[in-house]
**Q** 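I'd like to ask you about the structure that follows.
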Amino acid sequence: MAAKQPPPLMKKHSQTDLVSRLKTRKILGVGGEDDDGEVHRSKISQVLGNEIKFAVREPLGLRVWQLVSAVMFSGVAIMALAFPDQLYDAVFNEESVSSKTPIRLYGGALLSISLIMWNALYTAEKVIIRWTLLTEACYFAVQFLVTTVSLVESSRIATGAMLLLVSRVLFVLISVYYYYQVGRRPKKV
């Protein structure tokens, strides 16, 4: 008697069987959305992370503004440390300053902020860029308020101080604009 041949084995092609592919990907934990709405293509991208979500879609002119801010903070800081009388005279049109110590302390604080600005210029991390822009906006707003109160108390209007006030309002607006632009979610393409 001849041995009966078993039927040929049917290979399952998981590439073509969509239900099987879906079940396999679900078991592996890939293909679904995570808490941030990110869809992982592989387990490796889940473990290593996706660097694209940390990349910043930079608004036009952001790096130029960061460079201008860093140079401006450094310049005023050096002037306040080295030439406190001239800085005070340029802003308030008064040659006599009672003490140079507060102006030099102001210069030291500005130098510290300028170091942060210089470091933020070389980073691509969204959070760091946003914090430096917020720091800058807060600094300019506080400087605007302090200068305004000083001018009201002394009841004189100096041209340098008025120019400083107008520039500070402009700088606050630019910093806040970039702060919100960097924080916007990128549009999905």
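The first residue of the sequence shown is numbered 1, and numbering continues consecutively from there.
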**Q** What pairs with V142 under side-chain contact (heavy atoms from CB on, under 4.5 Å), at least two apart in sequence or on another chain?
**A** V146
**Q** Enter the distance from Q66:CD to Y178:OH here, rounded to the nearest 0.5 Å.
**A** 9.5 Å
**Q** Do L62 and L133 come within less than 4.5 Å of each other through their side chains, counting heavy atoms only?
**A** yes
**Q** Answer yes or no: are there more than 12 heavy-atom neighbours, outside Y106 itself, under 6.0 Å from its atom OH?
**A** yes
**Q** Run the side-chain contact (heavy atoms from CB on, under 4.5 Å) test against L105 and tell me which residues pass, sequence neighbours left out.
**A** T101
**Q** Name all residues meeting the salt bridge (Lys or Arg N to Asp or Glu O under 4.0 Å) criterion together with R104; count only those two or more places apart in sequence or in a different chain, and write none if there are none.
**A** none
**Q** Among all residues two or more places apart in sequence or in another chain, which pass the side-chain contact (heavy atoms from CB on, under 4.5 Å) test with V166?
**A** none
**Q** I need the L115 CG to S74 OG distance, nearest 0.5 Å.
**A** 7.0 Å
**Q** So which pairs with a foot in residues 60-76 pass salt bridge (Lys or Arg N to Asp or Glu O under 4.0 Å), sequence neighbours left out?
**A** E58-R63
**Q** Report the C-alpha distance between V176 and Y180 in whole Å, list the side-chain angles of each, state the deciding distance to 0.1 Å, and finish with yes or no for side-chain contact (heavy atoms from CB on, under 4.5 Å).
**A** CA-CA 6 Å; V176 168; Y180 284 112; 3.6 Å; yes
**Q** Could you measure the distance from the CG atom of L110 to the CE atom of M117? Nearest 0.5 Å is fine.
**A** 9.5 Å
**Q** Does the side chain of L170 come within less than 4.5 Å of I174's, by heavy atoms?
**A** yes
**Q** Within this structure, what is the OG-CE distance for the pair S167 and M162, rounded to the nearest 0.5 Å?
**A** 11.0 Å
**Q** Hey, could you give me each pair passing ring-ring contact (aromatic ring centres under 6.0 Å, His included) that has a residue in residues 144-170? Not counting sequence neighbours.
**A** none
**Q** Check whether any side-chain heavy atom of I103 lies under 4.5 Å from a side-chain heavy atom of L81, and answer yes or no.
**A** no
**Q** Set out, in order, the CA-CA distance, both residues' side-chain angles and the distance that settles side-chain contact (heavy atoms from CB on, under 4.5 Å) for T135 and I116, then state yes or no.
**A** CA-CA 10 Å; T135 300; I116 294 170; 5.8 Å; no
**Q** Test of understanding: with side-chain contact (heavy atoms from CB on, under 4.5 Å), list the residues that count as partners of T123, not counting sequence neighbours.
**A** E125, I128, I129
**Q** In Å and rounded to the nearest 0.5 Å, what is the CD1 to OG1 distance from I113 to T132?
**A** 11.5 Å
**Q** Return each pair, listed once, that meets salt bridge (Lys or Arg N to Asp or Glu O under 4.0 Å) where at least one residue sits in residues 157-166; pairs must be two or more places apart or across chains.
**A** none
**Q** Just grab all the ring-ring contact (aromatic ring centres under 6.0 Å, His included) pairs involving residues 107-138, residues at least two apart or on different chains.
**A** none
**Q** Salt bridge (Lys or Arg N to Asp or Glu O under 4.0 Å): which pairs involve residues 158-172, sequence neighbours left out?
**A** none
**Q** Can you sort out the partners of F171 under ring-ring contact (aromatic ring centres under 6.0 Å, His included), two or more places apart, ordered by chain and number?
**A** W65, F140
**Q** Return the minimal non-hydrogen interatomic distance between A137 and S175, and the atom names on each side.
**A** CB-CB, 3.9 Å
**Q** Given side chains that start at C-beta, do those of L164 and Q143 come closer than 4.5 Å, heavy atoms only?
**A** yes
**Q** Step by step, work out the side-chain contact (heavy atoms from CB on, under 4.5 Å) result for E136 and F73.
**A** CA-CA 10 Å; E136 205 173 330; F73 273 87; 3.9 Å; yes
